[in-house]
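Here is the structure we will look at.
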Protein chains: 2
Amino acid sequence: MKSKDELKEGIIIRATLQLIFREGLAGLKMSDIAKQASIAVGTLYIYFKNKEDLLNHLFLHFKRESMTQLAQKIDFSLPFKVNFKQLWFNYLTYAIDNPEQATLLEQLHCSPYLRPEVIEETDKLLQPIREMLNEGKRQMLIKNIDNELILAFLSGSINLIARRFSENDRKLSPEQREQTFEMTWDAVRA
Amino acid sequence: MKSKDELKEGIIIRATLQLIFREGLAGLKMSDIAKQASIAVGTLYIYFKNKEDLLNHLFLHFKRESMTQLAQKIDFSLPFKVNFKQLWFNYLTYAIDNPEQATLLEQLHCSPYLRPEVIEETDKLLQPIREMLNEGKRQMLIKNIDNELILAFLSGSINLIARRFSENDRKLSPEQREQTFEMTWDAVRA
DNA sequence: AAGTTAAGTGAATAAATATTCATTTCCAAA
DNA sequence: TTTGGAAATGAATATTTATTCACTTAACTT
């Protein structure tokens with residue numbers, strides 16, 4: 001018998017991601033996804049129960065992917081600022097190289113498709129970062145401000161910068177990335 | 001003869017705004033808008049040619065409204081930092097009190113509905129702010145960083161904070177607003 | 001190499017949603 | 001107080017888009 005192509009699920013997810021980035025969730029059609037993925041519409045329903053199911057998988061997939069990227073090269077034996085900077089650069093780099101992802105999460109977050117439990121699950125992934133911020137406060141290195149406020153400040157600024165500077169001819173230079181980190185560090189440091 | 005209710009256009013726009021905030025653009029139905037505005041579906045088509053037309057008006061309406069808010073109490077004879085702070089607080093306050101607006105612009109910005117010329121037109125509205133930033137740089141008060149980068153940093157952070165802290169029981173306290181401004185000022189100041 | 005089973009297809013169908021329009025309601029001028 | 005005309009209505013219709021399914025194709029088994 002013919003075996004399920006393991007790659008295909010990924011192809012579908014990536015095709016969907018690109019379409020949402022370009023056209024927004026509101027314009028997303030199953031037939032367009034199929035075309036973008038170079039498969040038949042019916043095939044979509046072999047890999048996903050329906051559109052809602054596909055979008056929930058999509059959301060979880062990229063949340064996990066971004067969190068994996070985020071944790072790269074973090075080593076808690078190193079000084080706080082080193083880790084903070086690494087974390088921030090990981091996020092920025094991921095966001096710039098994958099600008100679709102931020103748009104996606106944005107658009108899905110308030111949509112009739114996303115199931116609430118999926119949102120909750122993804123929020124838990126941030127826990128280690130919250131603990132890192134606590135550590136920074138304990139060492140009096142960063143301002144004593146509510147974690148959620150700091151997180152919103154950090155991710156809000158990075159996300160928008162990444163969106164605005166993700167096209168190839170506008171991508172941030174290494175200098176600009178350093179400048180932006182300087183702004184961020186000045187913002188949070190005690 | 002019966003005269004057109006001038007208020008109704010505003011009611012429709014506000015109803016639409018709320019629905020997009022709650023359910024996202026993807027879930028937006030003309031019938032829901034009608035219900036939310038307590039009018040019949042047909043009436044929508046008296047005030048707007050069709051859904052696309054309605055959404056373009058919506059976008060322009062709130063862009064202009066937010067810009068008007070932004071310019072409140074700005075007085076170029078006052079010192080740069082005073083104006084900067086005023087501007088920032090205007091934006092934050094507007095964003096917190098009208099969290100729907102940010103979601104709306106976000107969702108519409110990449111959607112098949114919005115016409116490109118409408119996007120362009122709204123970008124022009126930012127021109128005075130860019131000039132203000134230039135003035136700050138001339139006076140060596142803020143870092144010499146690309147305006148678009150600073151703007152993205154500022155609006156990204158404010159937008160996300162406003163979204164996260166817009167529910168009544170989580171709204172930012174005056175202290176938290178000051179703290180957040182402190183972060184912002186530390187970020188941009190030279 | 002014939003048989004078996006699941007993947008893949010896309011036209012056909014179902015479901016959701018935008019838009020129209022025949023009718024009714026309301027206002028203002030005559 | 002009548003009446004002309006625009007506003008308002010919402011069931012009916014048109015359109016768009018998700019989903020199904022009868023059929024074809026491909027890979028594995030005996």
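In what follows, chains carry the letters A, B, and so on, assigned in the order in which the sequence lines appear, proteins first and then strands, with residues in each chain numbered from 1.
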How long is the line joining CZ of B:F48 and C1' of C:dA18, in whole Å? 16 Å

Whole angstrom value for the distance that separates P of D:dA18 from CG of A:L55: 10 Å

Find the distance B:K49:NZ to C:dT19:C1' and express it as a whole number of Å. 13 Å

What is the distance, to the nearest angstrom, from the CG atom on A:L44 to the P atom on D:dA18? 10 Å

May I ask you to verify if any side-chain N or O of B:Y47 is less than 4.0 angstrom from the OP1 or OP2 atom of D:dA8? yes

Using a strict cut-off of less than 4.0 Å between a Lys/Arg side-chain nitrogen and an Asp/Glu carboxylate oxygen, indicate whether B:R163 and A:E106 qualify as a salt bridge. yes

So what does B:L28 hit on the nucleic acid, given a heavy-atom distance under 4.0 Å: a base, only sugar-phosphate, or nothing? sugar-phosphate

B:T43 vs D:dT9: side-chain N/O to OP1/OP2 distance below 4.0 Å: yes

Would you kindly give the NZ-to-C1' distance between B:K29 and D:dA18, to the nearest whole Å? 14 Å

State plainly whether the residues A:E131 and A:R138 are in salt-bridge range, i.e. N to O under 4.0 Å. no

Spacing of B:K35 atom NZ relative to C:dT17 atom P, expressed in whole Å: 11 Å

A:Y45 vs B:I39, nearer the 5' end of DNA chain D by closest nucleotide: B:I39

Short N-O contact, B:E100 and B:R22, less than 4.0 angstrom: no

For B:M30 and D:dA14, what is the distance between atoms CE and P respectively, to the nearest whole Å? 19 Å

Respond yes when some side-chain nitrogen or oxygen of B:K51 is under 4.0 Å from OP1 or OP2 of C:dT17, and no when none is. no

Salt bridge A:R64-A:E121, side-chain N to carboxylate O under 4.0 Å: yes

Nearest whole angstrom, please: distance from the C1' of C:dC21 to the CG of B:N50. 17 Å

Using the side-chain heavy atoms of A:V41, tell me which of these nucleotides is nearest: D:dT9, D:dT19, C:dG8. D:dT19

Name the closest nucleotide to the A:I46 side chain, picking from D:dG10, C:dG8, D:dT19. C:dG8

Using 4.0 Å as the upper bound for N to carboxylate O, is an ion pair formed by A:E178 and B:K143? no

